[in-house]
Amino acid sequence: MSDAFTTRVLNVTSGSTERVVDLTHDCETFLRETAADRDGLLNVFVPHATAGIAIIETGAGSDDDLLAALHTLLPADDRWQHRHGSPGHGRDHVLPALVPPHATLPVLSGRLELGTWQSVCLVDTNRDNSNRQVRLSFLG
């Protein structure tokens with residue numbers, strides 16, 4: 001395979017609580033190792049039916065605000081038809097419709113082009129699955 005397309009899988013332990021996991025450093029490390037000074041696109045994809053990728057500010061409370069908003073929109077109760085797992089788990093399967101399982105971001109001169117306060121994050125509300133894979137792919 002040519003170096004025009006490179007991919008790597010990250011193994012992420014999100015724990016047994018709902019979490020927003022900042023992947024920005026992992027994305028930057030991947031690009032330093034694979035993109036050199038090239039322009040292209042970084043695709044971030046989580047191949048799970050109950051997790052998503054968000055570009056948000058972290059560390060100032062926005063990550064907690066996102067989880068609170070998801071609780072409001074997708075309560076963890078017994079209204080869901082999808083009923084295996086912990087109570088309310090059906091809502092975890094609706095999450096990717098609101099927080100998609102992918103993001104594609106510009107890379108200029110080998111560097112991720114994010115806004116000042118933007119971070120690349122895994123959003124995981126599924127308490128039943130604490131081990132996630134995230135695929136990073138660079139297309140130069």
Side-chain angles (χ1 to χ4, degrees):
M1 183 183 311
S2 105
D3 65 353
F5 181 81
T6 307
T7 190
R8 175 176 301 158
V9 174
L10 301 175
N11 292 303
V12 178
T13 302
S14 56
S16 59
T17 61
E18 298 176 359
R19 289 199 44 211
V20 175
V21 180
D22 191 338
L23 302 174
T24 309
H25 177 74
D26 295 303
C27 293
E28 291 169 338
T29 299
F30 170 70
L31 290 172
R32 269 194 307 276
E33 295 171 2
T34 61
D37 290 325
R38 297 180 294 155
D39 295 347
L41 296 171
L42 173 68
N43 183 263
V44 183
F45 175 70
V46 56
H48 297 279
T50 59
I53 300 295
I55 309 301
I56 63 168
E57 177 181 5
T58 58
S62 296
D63 35 356
D64 291 332
D65 290 341
L66 174 59
L67 292 175
L70 290 171
H71 265 280
T72 300
L73 293 170
L74 304 171
D77 58 23
D78 65 355
R79 73 183 69 201
W80 309 101
Q81 292 183 37
H82 187 108
R83 293 187 184 242
H84 75 82
S86 61
H89 174 66
R91 63 102 181 216
D92 298 328
H93 288 273
V94 177
L95 173 79
L98 301 175
V99 182
H102 59 87
T104 300
L105 304 161
V107 176
L108 298 177
S109 299
R111 299 197 58 181
L112 190 56
E113 285 295 305
L114 291 173
T116 302
W117 303 112
Q118 289 180 317
S119 296
V120 180
C121 298
L122 169 69
V123 179
D124 188 358
T125 60
N126 184 355
R127 298 180 311 246
D128 296 337
N129 186 358
S130 62
N131 297 308
R132 299 298 188 163
Q133 291 186 332
V134 178
R135 180 173 297 280
L136 305 178
S137 300
F138 174 72
L139 177 62

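Index from 1, following the sequence. Just so it is clear, the model here is predicted, and its values are computed rather than measured.
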Are Leu95 and Val12 connected into the same hydrophobic cluster when the rule is that any two of I, L, V, M, F, W, Y join if their side-chain heavy atoms are below 4.5 Å apart? no

Output for pair (Thr58 OG1, Gln118 CD), nearest 0.5 Å, gives 11.0 Å

Locate the shortest heavy-atom distance separating Pro106 from Leu41; write the atom from each residue and the value. CA-CD2, 4.2 Å

For Trp80 and Pro87, indicate whether the former's side chain and the latter's backbone hold a donor-acceptor pair under 3.5 Å. no

Nearest heavy atoms of Ser130 and Gly15, plus distance in Å: CB-O, 3.2 Å

Contact summary for Val107 and Ala35, nearest pair of heavy atoms: CG1-CB, 4.5 Å

Hey, does Val44 have a side-chain heavy atom less than 4.5 Å from the side chain of Val134? yes

Can I get a per-line list of side-chain donor-acceptor pairs under 3.5 Å for residues 120-128, giving both atom names and the distance, sequence neighbours left out?
residue	atom	partner	partner atom	Å
Asp124	OD1	Asn126	N	3.0
Asp124	OD1	Arg132	NH2	2.9
Asp124	OD2	Ser14	OG	2.5
Asp124	OD2	Arg132	NE	3.0
Thr125	OG1	Asp92	OD1	2.7
Asn126	OD1	Asp128	N	2.8
Asn126	ND2	Thr50	OG1	2.9
Asp128	OD1	Ser86	OG	3.3
Asp128	OD2	Ser86	N	2.9
Asp128	OD2	Ser86	OG	3.3

How far does NE2 of His84 sit from NE2 of His89, to the nearest 0.5 angstrom? 3.5 Å

Heavy-atom nearest pair, Gly40 first then Phe138, reads CA-CE1, 3.9 Å

Closest approach of Asn129 and His48, non-hydrogen atoms and distance? ND2-ND1, 4.1 Å

Do Ser119 and Leu114 come within less than 4.5 Å of each other through their side chains, counting heavy atoms only? no

Between atom OG1 of Thr7 and atom CG of Leu136, what is the distance when rounded to the nearest 0.5 Å? 7.0 Å

Distance (rounded to the nearest 0.5 Å) between Asp39 CG and Leu108 CG: 5.0 Å

What distance separates Leu23 CG from Ile55 CD1, expressed to the nearest 0.5 Å? 9.0 Å

Please answer: with hydrophobic residues joined when any side-chain heavy atoms are less than 4.5 Å apart, are Leu139 and Leu105 in the same cluster? no

Side chains of residues 64-71: which donor-acceptor partners sit under 3.5 Å, not counting sequence neighbours?
residue	atom	partner	partner atom	Å
His71	NE2	Glu18	OE1	2.7
His71	NE2	Glu18	OE2	3.4

Tell me whether the count of non-hydrogen atoms from other residues, nucleotides or ligands lying under 6.0 Å of CZ in Arg111 goes above 12. no

If you look at every heavy atom in Ala51 and Pro96, which pair is closest and at what distance? O-CG, 3.7 Å

Kindly compute the distance separating CZ (Phe30) from CG (Leu112), expressed to the nearest 0.5 Å. 11.0 Å

